[in-house]
Amino acid sequence: MATSTTLRTHVCGELNASNVGARVTLAGWVSRRREHGDKLAFIDLRDFSGVMQCVIDDGAEARSEWVVQITGTVTARPTGTVNTNLPTGEVELTNCSLTVLNAAEPPPFPIDQRADDVDENIRLKFRYLDVRRERMQRNLRLRASVNSAIRTAMETQGFVEVETPLLMPSTPEGAREFLVPSRKEPGSFYALPQSPQLWKQLLMVAGMDRYYQIARCLRDEDLRADRQYEFTQLDAEMSFVDKDDVLHAISQAVMAAAHAATGVTPPPIERITWHDAMNRFGSDKPDMRFGLELVELTAVFASTAFKAFATAASIKGLRVDAATYPEAAAMGRNKLDQLTDRAKQSGAKGLVWMKVGAAGVLDSPVAKFLSDDEKSALITALGATTGDLLLLVADGWSTTCTVLGTLRNDIARPPVHEGPYRYVWVVDFPLFVGVNPTTNKPQPGHHPFCHPHPDDLAKLETDPLNVRALAYDLVLNGWELGSGSIRIHEPELQRRVFHLLGIDDETADRKFGFFLQPFKYGAPPHGGFAFGIDRLVAILAGEENIREVIAFPKTQSGMDPMTNAPGPVEPAQLLELGLRTLPKPAN
RNA sequence: GGUCCUGUGGUGAAGUCUGGAGUUCACGCCGGCCUGUCAAGCCGGAGGUCGCGGGUUCAAAUCCCGUCGGGACCGCCA
């Protein structure tokens, strides 16, 4: 890496014992100054690469975060003064001459690890100072090397980078869009892309064969630790492929990214069906770093007298094993009530808890409703032993799974970045998830262009909710990284799916015409994928929050404390766009 | 739209439950001393509309109501 410039010969972090004797010039920020009177001071000079201790013996003034240029001789530190905590700690710069390039006001917070505790609003207000810190430098550089590794992996597989428009027509359904008013056509609007989905499929029709883009996507939905208005995806699409081709190609990119970040290539990414993920982990984004799997109990209570269980389609349980989760297994009544509330919030009618006492005696509010046979069958099914806490939910299959999945995570899920990394493909998603209560039509699980599983085509109209899709998600440590599918390339099949969704031919033409028309001109079978780079990098960087791997993120309310965006604009700008604003509704 | 946590010199915290003078601690800042430190040390100093508004009270950082900002989550994110 060529780092020397007109103003410097080296960078701070690259100097070590092998440079002893060299006369060098460095430029950077004063990280810290330790004065010992007029005749001796130490300045820790910082740049992006690290810190170098400079010995100043002429009393030159330089304070925190001043920008200075220092010329000096690389010298081995005297015996006993080596700093083993510093990569450059064996050497220092002596016989220094210092030039102040720019003085600076004291920073509002320390430019080091201590700022991790500073109110995030203040970090964001002074983001340019926050990014000076080693943590942010490391995160952003890690992100850059992940991007670079992904590009290489995609290009070696024949993917071609194509840029797609940011200004596009608004498309119905899906996430809320950001709109951009048209000046030439007042009253008309562009939308910013939620993803390049439509464009990349058109590129397949256009014969590009393999497309990729590290693409910015914009969605006007509420923000979270893992969600920003704008985020970045590796977006890819390929022609003449089936599901395995896509999973293989994307795996190559993920492996390369992981290797770039950690130096280790993960083992081949395992697969689990959506149905198994729900059954075992109660989630379509299973965190498989820990056990506490759901146990099927419906048969145990097949002929029970306990009403809440007798009428339920599905009964499952968790065994909170006292040896593995001593704290959770021993939780008191108060905590159990909180857990019950949580179960109810997640959609359950209630939560049955049982504590396993000596000799298999069950301590539970509902124990008296269960027969001795049921109790012993329950203990056998769960493999329960003394001290365990058992949690049971009885409801429809889907509710039972998701409620227990939520409790499983609440009880035992480690922080997202804690190893080991467990990548998993969740495959065979259902084509539809539930029924829209207002239209009484099935709702697409992914998007309406997903190809139904060929084996399930016959029941598309008769049993739509049990039709699988050629759709798949990539999950890492319980975070959904991304999703993809084989697309519908046959106009007739697309029409069938639209009809199921309650979209007639005329509506389809009106809403998606620009997208459907091209498919009449010879669309190749194709499929693709997109995964969130912010999320992947956050986990690989050991961060809980994607804001830590974004240079200039927004707060949870969508503001930027540094620029104060969003803000008002001049009336003249609104006039030019043919816009008028309404007063803020009174509370 | 909702639930929970949070806001005190430049920064981080304690004080708030149980009202009694802007009190305390650490870092930073300014000044002095200091020739081997490395998140230097010692001494001194400055710095606050306790987010904002209203109410209760003899008295409010503290209690009540409202509001704004930040964070986690639910809804939402095809």
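The figures here come from the full heavy-atom set of this structure, side chains too, leaving out hydrogens, waters and symmetry mates. A, B, ... follow the sequence lines: proteins, then strands. Residue 1 opens every chain.
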For Asp287(A), what residues pass the salt bridge (charged side-chain N to carboxylate O under 4.0 Å, His left out) criterion, not counting sequence neighbours? Arg289(A), Arg413(A)
Strictly by modelled atom types, are Asp534(A) and Gln228(A) linked by a side-chain donor-acceptor pair under 3.5 Å? no
Taking the side chain as every heavy atom from C-beta outward, state whether Leu501(A) and Pro444(A) have any atom pair closer than 4.5 Å. yes
Nucleotide-resolved protein contact map, nucleotides 31-36 of chain B, B/S/- at heavy-atom distance under 4.0 Å: S--BBB
Does C77(B) have a Watson-Crick or wobble mate here (both distances under 3.5 Å), and if so which one? none
Tell me, which of residues 13-22 of chain A have any heavy atom that sits under 4.0 Å from an atom in RNA chain B? none
When every non-hydrogen atom of Val55(A) is compared with those of Cys96(A), the smallest separation belongs to O-SG, 3.5 Å
Out of His451(A), Glu237(A), Gln494(A), which one pairs with Arg487(A) under the side-chain contact (heavy atoms from CB on, under 4.5 Å) rule? Glu237(A)
Go through the structure and list residues passing side chain to side chain donor-acceptor pair (under 3.5 Å) with Thr340(A), not counting sequence neighbours. none
For RNA chain B, the residues among residues 108-135 of chain A that have a non-hydrogen atom under 4.0 Å from it: Pro108(A), Asp112(A), Arg114(A), Asp117(A), Val118(A), Asp119(A), Glu120(A), Asn121(A), Ile122(A)
Kindly write out the residues that satisfy salt bridge (charged side-chain N to carboxylate O under 4.0 Å, His left out) with Asp284(A), not counting sequence neighbours, or none if the list is empty. none
Axial cation check for Phe231(A) ring with Arg535(A), 6.0 Å and 45° limits: no
Nucleotides 46-52 of chain B: protein proximity per nucleotide (B base, S sugar-phosphate only, - neither; heavy atom, under 4.0 Å): -------
Enumerate the residue pairs fulfilling side-chain hydrogen bond (donor to acceptor under 3.5 Å, both in side chains) with a member in residues 76-87 of chain A, sequence neighbours excluded, ordered by first and then second residue. none
Nucleic acid contacts - residues 502-519 of chain A versus RNA chain B, non-hydrogen atoms under 4.0 Å: none
Who are the salt bridge (charged side-chain N to carboxylate O under 4.0 Å, His left out) partners of Asp116(A), not counting sequence neighbours? Arg133(A), Arg135(A)
Is the shortest side-chain heavy-atom distance between Leu45(A) and Val51(A) below 4.5 Å? no
Residues of residues 402-411 of chain A with a heavy atom under 4.0 Å from any atom of RNA chain B, listed by number, are none
Interface with RNA chain B, restricted to residues 216-229 of chain A and to heavy atoms under 4.0 Å: Arg219(A), Glu221(A), Asp222(A), Arg224(A), Ala225(A), Arg227(A)
